[in-house]
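What follows is one structure encoded as structure tokens, with my remarks underneath.
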Amino acid sequence: MKICRFNDDRLGIVQDNQVYDITAIRDQVLRGQSTDGWADPVIAHLPELVKLIGDVRKLRDPVPLASVRLLSPVKRPSKLVAAPTNYRAHISEMQKVSANNTVRRSPDIGEAGMFLKATSALIGPSEGIRLRFPERRNDHEVELALVIGKTANQVGQENALDYVAGYCIGLDITLRGPEDRSFRKSIDTYAVLGPWLVTADEIPDPDNLQLKLGVNNELHQDANTKDMVYSIRRLIEFSSAFYTLHPGDVIYTGTPSGVAPIRPGDTLIAEIEKIGRMEVAVKSA
Ligand code: MN
């Protein structure tokens with residue numbers, strides 16, 4: 001099932017380029033539920049929601065996908081966790097870029113650990129990236145993003161995928177420079193998530209997905225998640241060894257090689273196998 005958030009925080013099912021509005025079903029599921037705690041309420045109740053939706057073919061009155069404004073599929077994650085340098089070819093390209101920087105970071109994810117992006121940086125594809133510091137280098141990074149479905153604390157690799165609600169395309173937009181990584185990557189609008197959440201049952205093997213990113217008509221990134229240094233299972237084990245992952249938390253799994261600067265006026269076209277495709281506009285701040 002492909003679940004989207006759209007327009008004024010409505011919830012929908014995407015099927016054959018149509019959106020079926022299931023906001024009323026969401027509201028029914030959430031009625032009387034506590035919104036305390038760190039979990040995103042919709043993601044925490046996804047199994048009940050999916051059960052109530054039942055057969056997607058029985059939904060009625062869709063609107064064209066092209067007519068809606070897609071928001072981040074997760075409204076309020078408690079954390080945006082991200083993997084640095086998780087593809088070998090990207091590690092060597094970044095060693096060239098950082099040769100001019102004063103900050104030295106370990107290229108080994110096991111030593112470097114994960115990092116966090118501010119949740120306030122999160123947007124959906126319709127909102128557009130607003131570039132700050134246009135005189136400096138701002139890069140695109142396309143990544144497979146996973147959304148945690150149930151509370152995960154010190155989870156082992158063997159059952160790590162049981163904690164995944166679904167998958168999205170993530171863009172980890174990055175200002176290059178000497179500041180701390182999380183500072184540069186937490187600028188408003190620098191965390192894109194979309195175009196929708198594909199429930200985990202549709203992607204049994206997330207470690208074998210082709211992902212691509214083009215800028216305007218030029219293909220920049222084209223890789224497969226099988227080339228990740230840390231697999232999806234290992235990333236969940238690694239991050240949950242340090243902090244509890246709550247329903248709705250997002251893990252950006254790292255970008256492959258081909259990152260390049262973006263400028264206002266550009267259109268980013270990102271695509272991941274079995275998830276879909278999204279276009280995101282780059283604007284000035
Ligand atoms: Mn990244």
Side-chain angles (χ1 to χ4, degrees), residues 72 74 77 79-98 101 103 105-123 125 129 131-132 136-148 167-194 206-207 209-215 220-232 234-236 238-239 242 245 249-262 268 270-272 275 278 280 282:
S72 162
V74 186
K79 288 188 287 302
L80 304 176
V81 182
T85 52
N86 200 23
Y87 289 80
R88 282 175 225 286
H90 176 59
I91 294 172
S92 36
E93 85 179 343
M94 287 325 293
Q95 280 167 335
K96 285 172 209 143
V97 171
S98 62
N101 283 347
V103 181
R105 290 183 188 84
S106 170
D108 180 334
I109 180 172
E111 284 175 21
M114 310 279 281
F115 65 93
L116 296 171
K117 286 169 78 77
T119 48
S120 50
L122 186 64
I123 59 161
I129 298 156
L131 284 194
R132 294 197 188 180
R136 291 175 56 179
R137 183 170 163 177
N138 283 275
D139 281 2
H140 60 70
E141 296 191 352
V142 67
E143 314 195 357
L144 174 66
L146 68 90
V147 177
I148 292 293
Y167 300 91
C168 310
I169 304 174
L171 298 180
D172 172 19
I173 305 300
T174 302
L175 174 71
R176 300 288 170 206
E179 299 92 344
D180 183 80
R181 177 147 38 197
S182 75
F183 198 44
R184 294 181 285 106
K185 287 172 173 270
S186 288
I187 294 172
D188 291 357
T189 76
Y190 277 35
V192 188
L193 195 68
D207 291 313
L209 296 174
Q210 201 68 24
L211 70 167
K212 289 179 189 183
L213 183 132
V215 178
H220 285 188
Q221 296 186 277
D222 188 4
N224 192 291
T225 56
K226 69 178 185 312
D227 295 324
M228 294 195 303
V229 177
Y230 272 22
S231 68
I232 299 297
R234 178 72 181 112
L235 289 173
I236 294 169
F238 191 41
S239 50
F242 281 73
L245 302 170
D249 282 5
V250 181
I251 300 182
Y252 287 73
T253 62
T255 201
S257 62
V259 304
I262 54 176
L268 309 186
E271 199 173 340
I272 301 184
I275 297 176
M278 66 180 188
V280 184
V282 181

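Predicted model only: the values in this text are computed from it and were never measured. Whatever order the structure lists ligands and atoms in, that order sets their numbers, starting from 1.
At a cut-off of 2.8 Å, measuring from the Mn ion (ligand 1), the protein N, O or S atoms that fall short of it are Glu141 OE1, Glu143 OE2, Asp172 OD2, waters left aside.
In this structure the side chain of Leu268 reaches within 4.5 angstrom of the side chain of Val215, judged on heavy atoms. Contact annotation: the side chain of Arg137 never approaches that of Thr174 to less than 4.5 Å [non-hydrogen atoms, C-beta and beyond]. At least one side-chain heavy atom of Ile232 sits under 4.5 Å from a side-chain heavy atom of Thr253.
Under the side-chain contact (heavy atoms from CB on, under 4.5 Å) criterion, Pro107 pairs with Ile91, Gln95, sequence neighbours left out. Not counting sequence neighbours, the partners of Asp207 by the salt bridge (charged side-chain N to carboxylate O under 4.0 Å, His left out) test are Arg233. Partners of Arg184 by salt bridge (charged side-chain N to carboxylate O under 4.0 Å, His left out), not counting sequence neighbours: none found.
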